[in-house]
Protein chains: 2
Amino acid sequence: MTIDVGARLRGVRTSFGLSQRELARRAGVTNGLISLIEQNRVSPSVSSLKKVLDGVPMSLAEFFTLDLSIAPQAFFGTDELVELGNEAVSLRLVAAKRPGRQLTILQERYAAGAATGEEMLAHRGEEGGVVVRGRIELMVGGTTRVLGPGEAYYFSSQLPHRFRNVGREVCEIISASTPATF
Amino acid sequence: MTIDVGARLRGVRTSFGLSQRELARRAGVTNGLISLIEQNRVSPSVSSLKKVLDGVPMSLAEFFTLDLSIAPQAFFGTDELVELGNEAVSLRLVAAKRPGRQLTILQERYAAGAATGEEMLAHRGEEGGVVVRGRIELMVGGTTRVLGPGEAYYFSSQLPHRFRNVGREVCEIISASTPATF
DNA sequence: CCTTCTTGTCTAGAATATTAAACGCTATGA
DNA sequence: TCATAGCGTTTAATATTCTAGACAAGAAGG
């Protein structure tokens, strides 16, 4: 059972969005060394591996404890968003299957005249979003306002709130809330 | 913050009771390398450190995760056993202060005629022991027997039980029970 | 006193890791 | 099209690790 230090390092580096040269600069080693290590052409000394990881930064214990198999999905295609809504109001959830998720991020689409219901909503947490397309009437804590593209909202979810599309076209919103309710 | 790979390795090796040569033989490296690593005269390559640890055996993750500061006390002098009993029955506990301890190991001394009480004892777990000196009358689940030096017992602690020194001299027992009650 | 065994350390040379610099590639923009 | 800049890779030279073997010190037994 080998460790594949190279794959581990490459995984760490790329997941931090660093190039070999950038990591090398931060770590005080050469880019060539990073390349050789990642290809398993050399087995780095503990000291140089530590130098490299210091550039991330990450400890040796974390590095060797890393479980690459649970690298969570980071990108989701249109058809990978999970539909939670109905005909009038489409709610498409990002990272639906991710365990322990802290955020609920939704792509919301309201048909003309559609609303989140007759009742006001109220629950724990906070939520916010940005209108992408169309116009939405948002009632929060007794105040009402119509938001258009580029406008946004953010409020404590404990305040009673309600969304309603008062326009004639579809309204699209990208929203986020925490803690994760779905 | 340095890692002191040398001290870690030396700690691991000695705690497994291995000499440098013996570990080297098992790991397929030379004893000199072990010596140099332990003195921090070299920083081993990950591959050779892995070879060395394979000889223990221990994983790299375990090695770097090791917390040497919580090396628990392994030996206890006579005066380091904690007295839990009374004049008639002395109960001296091994490793009393160890957190998360699973076992209660006692050196028990019963004065002539002493007993664990008039009532029968009954509690969760299992217990056993060996008589070292003197004679003890042990009642377990309605059965009674007198045990002498070298004789032993083991039973489910749920069975009602009682110890009584029926001899004229002190009786000494070494006992163990789980889970730890004291 | 020896001899023999084991321990950890040290050293010269062989093997390997690391550097510095170049290479080939792709993308971006003038 | 040419230049520029970024990317990962490769190579030759250098620095370090690693091996094989010798050394000194301590313990056990004759």
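Chain identifiers are assigned alphabetically (A, B, ...) following the order of the sequence lines, protein sequences preceding nucleic acid strands; residue numbering begins at 1 within each chain. Any value given below was found using the heavy atoms of this structure, including those in side chains, with hydrogens, waters and symmetry copies removed.
Hydrophobic cluster of B:V166: the remaining members, joined at side-chain heavy-atom separations below 4.5 Å, are B:V146, listed by chain and number.
Here the closest heavy-atom approach between residue B:I37 and residue B:P44 is recorded as CD1-CB, 3.7 Å. In terms of heavy atoms, A:V56 sits closest to A:L23 at CG2-CD1, 4.0 Å.
The span of DNA chain D lying next to chain B, judged by atoms under 4.0 Å from heavy atoms, is bounded 5' to 3' by D:dT17 to D:dA22.
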Notebook entry, point to check: Once each nucleotide of nucleotides 6-16 of chain C is scored for protein heavy atoms under 4.0 Å, what B/S/- sequence comes out, 5' to 3'?
Noted result: -BBBB------
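The shortest side-chain heavy-atom distance between A:L91 and A:V89 falls under the 4.5 Å cut-off.
With sequence neighbours excluded, the residues forming a side-chain contact (heavy atoms from CB on, under 4.5 Å) with A:R10 are A:R13, A:T14, A:Q20, A:E38, listed by chain and number. With sequence neighbours excluded, no residue satisfies ring pair (Phe, Tyr, Trp, His ring centres under 6.0 Å) with B:F63. For A:T30, the side-chain contact (heavy atoms from CB on, under 4.5 Å) partners two or more places apart in sequence, or in a different chain, are A:L33.
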